[in-house]
Amino acid sequence: MRIITLAGSPRFPSRSSALLEYARDRLSAQDVEVYHWHLQNFAPEDLIYARFDSPALKTFSAQLAEADGLIVATPVYKASFAGALKTLLDLLPERALEKKVVLPLATGGSVAHLLAVDYALKPVLNALKAQEILHGVYADDSQVLDYQHKPVFSANLQHRLDDALDTFWQALHRHDTSHLALKWPENSLSA
Ligand SMILES: Cc1cc2nc3c(=O)[nH]c(=O)nc-3n(C[C@H](O)[C@H](O)[C@H](O)COP(=O)(O)O)c2cc1C
C-alpha cells in the first residue's frame with residue numbers, strides 16, 4: 001500500500017503541514033509506504049508558467065500514478081484553498097486521481113471557512129477523477145498547539161484526525177480487496 005502526502009501551504013513550517021506530518025507517522029507505523037511532497041519541491045516559475053514538462057512535476061505525476069491514495073493538506077486563503085496548491089493541481093494529468101482514495105486536510109484562522117474544503121477543494125479533486133474523497137478534517141488555528149517542532153494538537157483535533165486516518169486506511173484496504181474480488185472468478189475459471 002503506497003500513498004502520497006502533499007503539503008499545499010506556501011509556508012514551512014506550517015499548521016496544515018503539521019497535520020500531514022502526524023498522518024505520515026501514523027500511517028507509516030501501519031505498514032503504509034508514504035512518499036511526501038510539498039510545494040517547495042517545485043520551482044515557483046514552473047508552477048506559475050505552467051511548465052508541464054518540469055522534472056519535478058513529471059516525477060510527482062509518475063509517483064502519484066503508482067499510489068493508492070493521496071492525503072492533501074492546505075491552509076484556507078481568502079475563503080478557499082491555497083492558490084499555490086491550485087497552480088500545482090492545474091498541471092496534473094486529467095485522470096491523475098483515478099482509482100485513488102483521497103483525504104483532504106485543512107487549517108484556517110477561524111471556523112467561518114469550515115466548508116472551504118467541500119465547496120472549493122473537493123470539486124477539483126473530483127475533476128481529477130478521484131475514486132473516493134473522504135470527509136476532510138478541518139482545524140482552526142487554536143487547535144494546532146505546536147507546529148514548529150513535533151506536532152501537538154488539541155484532544156478534539158487529535159481524535160478527529162485519528163478517526164479520519166482509520167477511515168482512510170480502511171478505504172485503502174477495501175479498494176485493494178475489491179480489486180482482488182473482481183479478479184477471483186476469472187482466475188478460478190481458468191484454473
Ligand atoms: C494570505 C492569507 C489568507 C488567509 N485567509 C483566511 C481565510 O479566508 N479564512 C480563514 O479562516 N483563515 C485564513 N487565513 C489563516 C490561515 O488559513 C491559517 O492561519 C492556516 O492555519 C495557515 O496554515 P499554514 O500554516 O499551513 O500555512 C489566511 C492566512 C493568510 C496568510
State whether [X] and [Y] are salt-bridged, where the test is any N-O pair (Lys NZ or Arg NE/NH1/NH2 against Asp/Glu carboxylate O) under 4.0 Å.
{"X": "R2", "Y": "E33", "result": "yes"}
{"X": "R15", "Y": "D141", "result": "yes"}
{"X": "D68", "Y": "K99", "result": "no"}

Which residues pass the side chain to side chain contact (heavy atoms under 4.5 Å, CB included) test with D25, sequence neighbours left out?
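D25: side chain to side chain contact (heavy atoms under 4.5 Å, CB included) contacts with K150.
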Test side chain to side chain contact (heavy atoms under 4.5 Å, CB included) applied to P44 - qualifying residues, sequence neighbours left out:
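With sequence neighbours excluded, P44 shows a side chain to side chain contact (heavy atoms under 4.5 Å, CB included) to no residue whatsoever.
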Is it true that [Y] and [X] share a donor-acceptor pair across their side chains at a distance under 3.5 Å?
{"X": "Y147", "Y": "E21", "value": "no"}
{"X": "S142", "Y": "D140", "value": "yes"}
{"X": "D146", "Y": "H149", "value": "yes"}

Going from CH2 on W169 to CZ on R174, what distance comes out if it is rounded to the nearest 0.5 angstrom?
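Output value for this atom pair is 12.0 Å.
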CD-CD1 distance between Q63 and I3, expressed to the nearest 0.5 angstrom
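If we round to the nearest 0.5 Å, Q63:CD and I3:CD1 are 12.0 Å apart.
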Can you list the other members of the hydrophobic cluster that holds Y138, where links are side-chain heavy atoms under 4.5 angstrom apart?
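Grouped by the 4.5 Å side-chain rule, V76, L114 form the rest of the cluster around Y138.
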Side chain E98, main chain L128, donor-acceptor under 3.5 Å
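No, E98 side chain to L128 backbone: no donor-acceptor pair under 3.5 Å.
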